[in-house]
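Worksheet for the structure shown next.
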Amino acid sequence: MTTKSFQEHFDNQIENEVSIEPRDWMPDDYRKTLIRQISQHAHSEIVGMLPEGNWITRAPSLRRKCVLLAKVQDEGGHGLYLYSAAETLGISRDEMIEQLHSGKAKYSSIFNYPTITWADMGAIGWLVDGAAIMNQVPLCRTSYGPYARAMVRVCKEESFHQRQGYEIMMTLANGTEVQKKMAQDALNRWWWPSIMMFGPSDADSPHTAQSMKWRIKRFSNDELRQKFIDVTVEQAKLIGLTVPDPNLKWNEETGHFDFGEINWDEFWNVVKGNGPCNKERLQARQKAWNEGAWVREAAIAHAQKSKLKAAKNNKQKSETA
Ligand code: FAQ
């Protein structure tokens, strides 16, 4: 087949919703876009373990501790599925980790904010996982097979994460005055960063148009942001909390909430590495990587030893047969 016919075959697959698999021909830029998005998504999951990991030892009850531990562990698992999906595109895990540690690869802006009180665990589950679900459910139908399949399980788990966060917020909002204040304060601090998680507005998003043509993205950043605001405002009302946006107003004509101006300077500042916790997050990842070197070496040595043993056993078997 010529490059032109490969391209035609690929275009037909996209057009007819036939998923692209690792051994299929694909344009270089499609591969690059996927590696960029999937690896950044994987990095977000493992960096995202840090702000919540901070509260495991201080959870207010054994039940809350078990649930939080399970959630943080799930996020580590999501990172692993995603790194594996990215590896099918021809990049190694070491290369991706190096890109994260050197600051070359991005991870979600949201994880560069501090977790100051227990209510932040509620706000992260409710808002951050809520935003993640809004963004990731459509990714279950993304055009690249391994990414789409990884997303199915991730979304099921995110749904549990969102509910546990909302339940924490509901409990606090129905608690003492101090607890209600703590919940409101967490909502005040996490609302705008959660809205920013969806990325730059469509007019300023360099990748959206092409990613939608390739059906990697099924909705634009602004479409998903609007969907998230529409459902989350109602959830806040239900538990008696106030979304910190004085310009939030139901618009009869559009059937959506209008909302205030997003502080894009803050967003880009965080994305460029200057948010409140960027340096702390990268240092924590680098430290974990360095301190885990002996585990990786031991695992490789064990795998080599097992391989040699299996080869020796096979040889003996064939000699005695
Ligand atoms: N933070 O042209 P676009 C989670 C970058 S997982 C930092 O719009 P695209 C689970 C973007 O990379 C959260 N950077 O790009 C959890 C690009 O930079 P580049 C992560 C951002 O790819 C919960 C540039 O700006 N989710 O939360 C951000 O078409 C709780 C231009 O942007 C995913 O990764 C941002 N917020 O759309 C874990 C989902 N937004 O690469 C623990 C999959 C944009 O050119 C606890 N990813 N940028 O240097 C996506 O859907 C897309 O990649 C977007 C960005 C929507 C994030």
Side-chain angles (χ1 to χ4, degrees), residues 29 32-55 68 70-79 81-82 85-86 99-100 103-113 115 120-140 142 144 147-148 150-151 154-155 157-162 164-165 190 192-214 216-225 228 262 264 266-275 278 281:
D29 284 343
K32 266 194 217 150
T33 298
L34 282 168
I35 291 177
R36 179 184 63 78
Q37 178 166 328
I38 303 173
S39 64
Q40 291 184 5
H41 193 166
H43 300 327
S44 303
E45 296 283 354
I46 60 160
V47 176
M49 297 167 78
L50 299 169
E52 288 172 294
N54 180 36
W55 275 90
L68 186 60
K71 178 185 192 294
V72 173
Q73 202 172 345
D74 284 351
E75 280 146 12
H78 298 175
Y81 313 147
L82 287 161
Q99 289 175 353
L100 171 67
K104 193 175 158 217
K106 294 188 169 71
Y107 59 87
S108 184
S109 50
I110 193 74
F111 302 117
N112 293 304
Y113 291 85
T115 42
D120 291 11
M121 297 304 96
I124 291 185
W126 173 33
L127 303 174
V128 177
D129 286 276
I133 294 171
M134 203 51 94
N135 167 277
Q136 290 170 22
V137 167
L139 289 175
C140 297
T142 194
Y144 187 57
Y147 192 22
M151 279 300 111
V154 169
C155 285
E157 292 176 351
E158 299 290 26
S159 164
F160 147 70
H161 298 171
Q162 194 271 351
Q164 69 86 37
W190 288 92
W192 289 103
S194 303
I195 300 297
M196 293 173 194
M197 263 179 88
F198 292 92
S201 64
D202 296 351
D204 295 319
S205 161
H207 302 300
T208 295
Q210 182 59 64
S211 286
M212 287 184 71
K213 275 192 203 142
W214 278 326
I216 293 173
K217 282 167 94 164
R218 295 282 175 164
F219 295 96
S220 73
N221 299 355
D222 286 334
E223 284 169 337
L224 292 172
R225 188 173 4 252
F228 173 74
I262 293 172
W264 292 116
E266 174 182 327
F267 171 74
W268 288 116
N269 197 41
V270 175
V271 171
K272 285 180 187 147
N274 304 314
N278 294 61
R281 300 292 183 237

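Remember, it's 1-based here, ligands and their atoms both numbered in the order they're listed. Since the model is a prediction, treat every value here as computed from it, not as a measurement.
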Scan side-chain atoms only and decide if Q136 and H41 contain a donor-acceptor pair under the 3.5 Å cut-off. yes
What protein heavy atom lies closest to [atom]? Include the residue and the distance to one decimal.
atom: atom 3 (P) of ligand 1; answer: S205 OG, 3.4 Å
atom: atom 50 (C) of ligand 1; answer: Q37 NE2, 3.5 Å
atom: atom 4 (C) of ligand 1; answer: A132 CB, 3.8 Å
atom: atom 39 (C) of ligand 1; answer: N135 OD1, 3.1 Å
atom: atom 15 (O) of ligand 1; answer: H207 CD2, 3.5 Å
atom: atom 48 (N) of ligand 1; answer: F267 CZ, 4.3 Å
atom: atom 30 (C) of ligand 1; answer: D129 OD2, 3.4 Å
atom: atom 44 (C) of ligand 1; answer: P200 CD, 3.6 Å

Proximity of [X] to ligand 1 by residue part, where a heavy atom lies under 4.0 Å:
X: Y107; answer: backbone
X: R36; answer: side chain
X: F111; answer: side chain

Residue [X] vicinity, atoms of ligand 1 by number, heavy atom under 4.0 Å:
X: V271; value: 7 (C), 14 (N)
X: K217; value: 8 (O), 9 (P), 29 (O), 37 (O)
X: K71; value: 30 (C), 46 (C)
X: K106; value: 5 (C), 12 (O), 14 (N), 18 (O), 19 (P), 49 (O)
X: M196; value: 36 (N)
X: Q40; value: 12 (O), 41 (O)
X: S44; value: 13 (C), 20 (C)
X: N221; value: 8 (O), 56 (C)

Tested for side-chain contact (heavy atoms from CB on, under 4.5 Å) against P193, the lone hit among L127, V128, I110, V270 is I110
Taking the six-membered ring for Trp, are Y81 and H78 parallel (under 30°), tilted (30 to 60°) or perpendicular (over 60°)? tilted
Measure the [atom1]-[atom2] distance between [X] and [Y] for me, rounded to the nearest 0.5 Å.
X: H43; Y: F111; atom1: NE2; atom2: CZ; value: 13.5 Å
X: D222; Y: T208; atom1: CG; atom2: OG1; value: 8.5 Å
X: E158; Y: M134; atom1: CD; atom2: CE; value: 13.0 Å

Flag [X] as yes when one of its N or O atoms lies below 3.5 Å from any N or O atom of ligand 1, and as no otherwise.
X: E75; answer: no
X: S109; answer: yes
X: M197; answer: yes
X: P206; answer: yes

Minimum heavy-atom distance [X]-[Y], with the two atoms named:
X: A131; Y: F228; result: N-CE1, 3.4 Å
X: S108; Y: S44; result: N-OG, 2.9 Å
X: L82; Y: A42; result: CB-CB, 3.6 Å

Under a heavy-atom criterion of less than 4.0 Å, does [X] contact ligand 1?
X: W268; result: yes
X: E158; result: yes
X: Q136; result: yes

In terms of side-chain geometry, is the basic nitrogen of D74 or K71 positioned less than 4.0 Å from the acidic oxygen of its partner? no
Measuring to protein heavy atoms, does anything land under 4.0 Å from atom 54 (C) of ligand 1? no
Ignoring hydrogens and geometry, is there a side-chain-to-backbone donor-acceptor pair from W55 to T115 under 3.5 Å? yes
